[in-house]
2 protein chains.
Amino acid sequence: MVKPLDAPESFRTLLARRDLKFTYERRRILDLVQHLGRHFDADSLYARFKRRKERIARATIYRTLPLLLEAGVIQKSAGMGKGDFFEKTSARGHHDHMICVHCGKIIEFFNEHIEREQKRLCRKYKFRLTFHDHRLFGYCKKCQA
Amino acid sequence: MVKPLDAPESFRTLLARRDLKFTYERRRILDLVQHLGRHFDADSLYARFKRRKERIARATIYRTLPLLLEAGVIQKSAGMGKGDFFEKTSARGHHDHMICVHCGKIIEFFNEHIEREQKRLCRKYKFRLTFHDHRLFGYCKKCQA
DNA sequence: TTGAATGCAAAACCTTTGCAAGCTC
DNA sequence: GAGCTTGCAAAGGTTTTGCATTCAA
């Protein structure tokens, strides 16, 4: 298993390392992102805050996302739409995806041999893994016709 | 080894399947993309054509990229910059990446156990693999300090 | 108190679209 | 010749920035 990472912790650590402040807004964004289901983009976060009457500017979200990214709290998740998509990095319940390039179907998979090899590779290169992105593209059973 | 795929072939096949035409412009874009080194975005393709005095509109490039994507000739490659990044899908000489979220350093790796497991998974799910994207994010040796 | 962060709105960018003219098949 | 494509330029979206004000440490 990948070492479970404590998101709030790694975010605060990053801020501290850079002499940045843990503001109210950054905390709210961190919280929201953590309690969110799967994919999201900058605007959907903004919309949620707005719906709850929390006044957080789009710019603040756009400025915070890269920090969460670097802290490893979230990861980019290539959407098929426009703009960037992200998702929470979850060590537990981790799985990867097969994506049908024709119909868009997504199959989730988890393979411990692969996870194990990843860790081995990281040791070999002295690389400290925070999260990963593994996607297989091709044609699902139905679309092979 | 992943079955080497013939890019021009799969592109033409896709076009035929959809009753689309193999125009001069689409051919030029296919060629350029195939002979290009690694990463690129729509605008860098446009710039190259312009430099060579080939008059191909940005819009044409933007309209062709999704086709090349679906044909499996290219794949999305999350850049750290804005906009989409792509890279040629190469079955031969394939390798994956470790990306340092702090300094941006990229370490290339290839692991045949992982490749083998991928193929096994695809058989299991009756998924016909065209290409994949596997990236490990974290801190490189230097940035762990 | 002090440097950083936020909000707002404008600016900058990236992508998509409508339409007339030009090409494949 | 018919219908799909291209080019151009304008429209549509998304992300970034400048600056005065507010805030965390």
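In what follows, every chain begins at residue 1, and chains take the letters A, B, ... in the order their sequences are listed. Please read these numbers as outputs of a predicted model, since none were measured by experiment.
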I'd like to know if the side chain of A:Glu70 pairs up with that of B:Tyr139 as donor and acceptor (distance under 3.5 Å, no hydrogens or angles considered). no
Short of 4.0 Å, heavy atom to strand atom, which residues of residues 46-55 of chain A count as contacting DNA chain C? A:Arg55
Between atom CZ in A:Arg58 and atom P in C:dC8, what is the gap in whole Å? 11 Å
Taken to the nearest whole Å, CG/B:Asp41 to C1'/C:dC13 is 12 Å
For B:Ala42 and A:Ala57, find the nucleotide of DNA chain C closest to each by heavy atoms; which residue's nucleotide sits nearer the 5' end? A:Ala57
To the nearest angstrom, how far is A:Ile29 atom CD1 from C:dA5 atom P? 13 Å
Whole angstrom is fine here: how far is it from CG in B:Leu65 over to P in C:dT15? 9 Å
Could you check whether the rings of A:Phe22 and A:Phe11 sit parallel, tilted or perpendicular, using 30° and 60° as the cut-offs? perpendicular
Expressed in angstrom and rounded to an integer, what is the separation of B:Asp19 atom CG from D:dT5 atom P? 9 Å
D:dT15 OP1/OP2 closer than 4.0 Å to side-chain N/O of A:Tyr62: yes
Steps toward salt bridge (Lys or Arg N to Asp or Glu O under 4.0 Å) verdict (A:Arg120, A:Glu117): CA-CA 5 Å; A:Arg120 182 172 311 183; A:Glu117 283 302 319; 3.5 Å; yes
Between CD1 of A:Ile56 and P of C:dC8 the distance, given in whole Å, is 11 Å
Answer yes or no: does atom CD of B:Glu112 have more than 12 heavy-atom neighbours from other residues, nucleotides or ligands under 6.0 Å? no
Please check the phosphate of D:dT5 (OP1 and OP2 only) for any side-chain N or O of B:Arg26 closer than 4.0 Å. yes
Are the side chain of B:Lys88 and the backbone N or O of B:Gln34 linked by a donor-acceptor pair below 3.5 Å? yes
Show me the donor-acceptor pairs, under 3.5 Å and distance only, between side chains in residues 55-66 of chain A and residues at least two apart or in other chains.
| from | atom 1 | to | atom 2 | distance (Å) |
| --- | --- | --- | --- | --- |
| A:Arg58 | NE | A:Asp43 | OD1 | 2.9 |
| A:Arg58 | NH2 | A:Asp43 | OD1 | 2.8 |
| A:Thr64 | OG1 | A:Thr60 | O | 2.7 |

Could you write out each protein N or O paired with an N or O of nucleotides 18-25 of chain C at a distance under 3.5 Å?
| from | atom 1 | to | atom 2 | distance (Å) |
| --- | --- | --- | --- | --- |
| C:dT24 | O2 | B:Lys21 | NZ | 3.1 |

A:Leu69 has an atom CG; how far is it from atom P of D:dT15, in whole Å? 13 Å
What integer distance in Å separates B:Leu67:CG from C:dT16:P? 12 Å
Under 3.5 Å, is there a donor-acceptor pair between the side chain of A:Arg135 and the main chain of A:Met98? no
Do B:Leu15 and B:Lys21 have side chains that approach each other closer than 4.5 Å (heavy atoms only, starting at C-beta)? no
If you measure only the distance, is there a donor-acceptor pair under 3.5 Å linking the side chains of A:His132 and A:Asp96? yes
